[in-house]
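Numbering of residues begins at 1 and proceeds along the displayed sequence. This is a predicted model, so every value here is computed, not measured.
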Amino acid sequence: MNGQWKLGVYLAALLAFVPATLATAAPKPVQFRAADGVTVYGDYYTNGNPHRPLILLFHQAGSNRGEYSTIAPRLVEAGFNCLAIDQRVGGSMWGQKNQPVQHLGHSPSYLDAERDLQAALNWSRTVEKKGKVILWGSSYSASLVFVVAAQHPDEVSGVLAFSPGEYFEQKDMIRQAAARVHVPVYITCGSGAKETANARPIYEAVASKDKVFFLPPTGVHGSKTLRTDSDAAGAVRNWQEVLTFLKKNFG
C-alpha cells in the first residue's frame with residue numbers, strides 16, 4: 001500500500017509538471033503587415049527572458065513556419081527566443097499550409113519575400129525585450145538574410161544561413177550583401193558538391209572575421225538538416241555545430 005501511495009504521489013507530481021512545460025514551449029500565434037500590406041503570420045516561441053537574443057527564423061521554398069516546429073523549441077531550450085514566420089514564397093510542407101500563399105493565391109518571386117523578412121525585423125522592435133536579434137535563413141531565405149543584415153547593421157547581431165546561393169536574377173547580389181556584413185556569421189549547406197559550390201563563395205565574401213563555414217559529412221538542403229525526420233544521419237552533428245556557434249557568440 002505504501003508503494004502504491006508513493007507511486008501515486010510521483011504520478012501526480014509528474015502530471016502537474018508536464019502541462020507547465022508544454023505551456024512554456026507552446027508558441028504564440030502573431031501577425032503583422034509587410035510594407036506593401038501583405039499579412040505575415042508567425043509563431044513566437046519564448047523562454048520568458050526578454051534579455052535573451054531573439055532569432056528570426058525564415059523557411060525555404062515550398063515550405064512554411066512548420067519547418068521550425070521541432071527546431072525552435074530546441075533553440076528555446078538553449079536559451080533563445082524565436083519567431084518563425086510564413087513568407088509569401090512557400091508551400092504546404094510539414095503538413096500545414098503557408099498562409100500568405102493561400103491568401104495571395106500564388107507564390108511570387110523569391111526577392112518579393114524580402115519584404116516579409118523586413119517586416120519580421122520591424123516586429124522584433126515591438127517585442128518587450130532587450131536582447132539581440134539574429135537572422136536565420138533556409139535556402140532562398142538564407143540568401144536574403146544577408147541582404148537584410150547589410151541594410152540594418154545596427155539592428156542585426158548575427159546571421160545563420162542554411163544552404164544560401166545566388167538564387168536571383170542578379171547573380172552576385174548575395175555576395176555583394178555579404179561583403180557588408182560584419183557580425184558573426186554561420187554558413188552550412190548540404191553535403192553535395194552543388195550545395196558547396198553555391199554556399200562557399202558567399203562565405204568567402206562575408207566581411208566578418210568571425211565567420212564559420214561548416215560542410216557536414218551528412219547534410220541536406222536548408223534548415224531541415226537539423227530535423228531527424230529529414231536528416232536522420234546528420235542532424236545530431238549539425239546541431240552540435242550550430243549550438244557551438246550560438247553559445248560562443250551569444251552566450
Side-chain angles (χ1 to χ4, degrees), residues 55-72 74-75 82 84-98 101 107-114 116-117 134-149 158-169 171-175 177-178 185-206 211-246:
I55 304 178
L56 302 180
L57 300 166
F58 307 119
H59 60 73
Q60 64 182 271
S63 190
N64 51 67
R65 63 189 187 271
E67 185 169 329
Y68 295 101
S69 61
T70 62
I71 295 172
R74 180 83 179 267
L75 294 171
C82 300
I85 69 165
D86 281 357
Q87 295 115 235
R88 69 188 70 188
V89 180
S92 301
M93 296 172 69
W94 321 112
Q96 68 184 67
K97 303 290 186 181
N98 181 299
V101 172
S107 278
S109 72
Y110 289 162
L111 194 55
D112 289 326
E114 182 193 341
D116 305 325
L117 275 62
I134 302 163
L135 305 184
W136 174 313
S138 177
S139 189
Y140 83 88
S141 70
S143 302
L144 289 178
V145 291
F146 288 103
V147 176
V148 177
V159 170
L160 291 91
F162 291 75
S163 301
E166 298 285 359
Y167 302 128
F168 308 90
E169 186 174 348
K171 291 305 179 183
D172 63 345
M173 184 177 77
I174 306 308
R175 279 171 288 169
V185 171
Y186 177 89
I187 296 178
T188 189
C189 60
S191 48
K194 184 176 180 180
E195 288 268 318
T196 307
N198 284 337
R200 187 174 288 280
I202 296 171
Y203 166 78
E204 292 172 351
V206 171
K211 60 181 182 178
V212 173
F213 181 78
F214 174 58
L215 180 60
T218 303
V220 299
H221 187 73
S223 295
K224 65 179 184 286
T225 199
L226 298 176
R227 295 180 57 121
T228 55
D229 56 358
S230 298
D231 187 9
V236 171
R237 173 68 189 282
N238 295 331
W239 264 115
Q240 289 173 346
E241 298 295 327
V242 168
L243 293 176
T244 295
F245 171 82
L246 290 172

Who pairs with Arg237 by salt bridge (charged side-chain N to carboxylate O under 4.0 Å, His left out), at least two apart in sequence or on another chain?
Glu241

Is the backbone of Asp86 close enough, under 3.5 Å, to the side chain of His59 for a donor and an acceptor to pair up by distance?
no

Measure the CG-OG distance between Leu160 and Ser138 for me, rounded to the nearest 0.5 Å.
11.5 Å

Would Leu56 and Leu117 count as a side-chain contact (heavy atoms from CB on, under 4.5 Å) if you check the C-alpha gap in whole Å, the side-chain angles of each, and the deciding distance to 0.1 Å?
CA-CA 8 Å; Leu56 302 180; Leu117 275 62; over 6 Å; no

Any idea which heavy atoms bring Cys189 and Ser163 closest together, and the distance?
CA-OG, 3.6 Å

Which heavy atom of Ile202 sits nearest to which heavy atom of Ala178, and what is that distance?
O-CB, 3.9 Å

Determine the interplanar angle of the Tyr68 and Trp136 rings, folded into 0 to 90°, and report it as parallel if under 30°, tilted if 30 to 60°, perpendicular if over 60°.
perpendicular

Residues forming a side-chain hydrogen bond (donor to acceptor under 3.5 Å, both in side chains) with Trp94, sequence neighbours excluded:
Ser63

Atom of Pro217, atom of Ser191 and distance for their closest heavy-atom approach:
O-CB, 3.7 Å

Rounded distance [0.5 Å steps], CZ in Phe168 versus OG in Ser109:
8.5 Å

Roughly how far, to the nearest 0.5 Å, is the CD1 atom of Ile85 from the CG atom of Asn64?
11.5 Å

Check: Asn98 side chain, Gly62 main-chain N or O, donor-acceptor pair, under 3.5 Å
no

Rounding to 0.5 Å, atoms CG (Leu226) and OG1 (Thr70) come to a distance of 8.0 Å

Report yes or no: does Glu114 contribute a side-chain atom to a donor-acceptor pair with the main-chain N or O of Leu144 at less than 3.5 Å?
no

Over all atoms of both residues, closest heavy-atom pair of Cys82 and Leu57
CB-CD1, 3.8 Å

Can you list the steps and then say if Arg227 with Ile71 is a side-chain contact (heavy atoms from CB on, under 4.5 Å)?
CA-CA 7 Å; Arg227 295 180 57 121; Ile71 295 172; 4.0 Å; yes

Indicate whether the side chain of Gln60 and that of Ser223 have a donor and an acceptor atom separated by less than 3.5 Å.
no

Do side-chain atoms of Ser143 reach the backbone of Gly165 as a donor and acceptor pair under 3.5 angstrom?
yes

Hey, could you give me the CD/CE distance between Glu67 and Met93, rounded to the nearest 0.5 Å?
6.5 Å

pair Tyr203-Val185: side-chain heavy atoms closer than 4.5 Å
no

Would you say Asn198's side chain and Glu195's backbone share a donor-acceptor pair under 3.5 angstrom?
no

Identify, with sequence neighbours excluded, every residue that meets side-chain hydrogen bond (donor to acceptor under 3.5 Å, both in side chains) alongside Gln240.
none

With rounding to the nearest 0.5 angstrom, report the CH2 to CG distance, Trp239 to Leu246.
8.0 Å

In short, Glu166 meets Arg175 closest at the heavy-atom pair OE2-N, 2.9 Å

Is there a donor-acceptor pair closer than 3.5 Å between any side-chain N or O of Thr218 and the backbone N or O of Ala233?
no

Restricting to non-hydrogen atoms, name the atom on Leu215 and the atom on Gly190 that form the minimum distance, rounded to 0.1 Å.
CD1-O, 3.8 Å

Does the side-chain contact (heavy atoms from CB on, under 4.5 Å) test come out yes or no for Phe214 and Asn238, once each step is laid out?
CA-CA 9 Å; Phe214 174 58; Asn238 295 331; 3.2 Å; yes

Is there a side-chain contact (heavy atoms from CB on, under 4.5 Å) between Phe213 and Val206 once you walk through the steps?
CA-CA 11 Å; Phe213 181 78; Val206 171; over 6 Å; no

Should the pair Phe245 and Tyr186 be assigned to parallel (<30°), tilted (30 to 60°) or perpendicular (>60°) ring geometry?
tilted

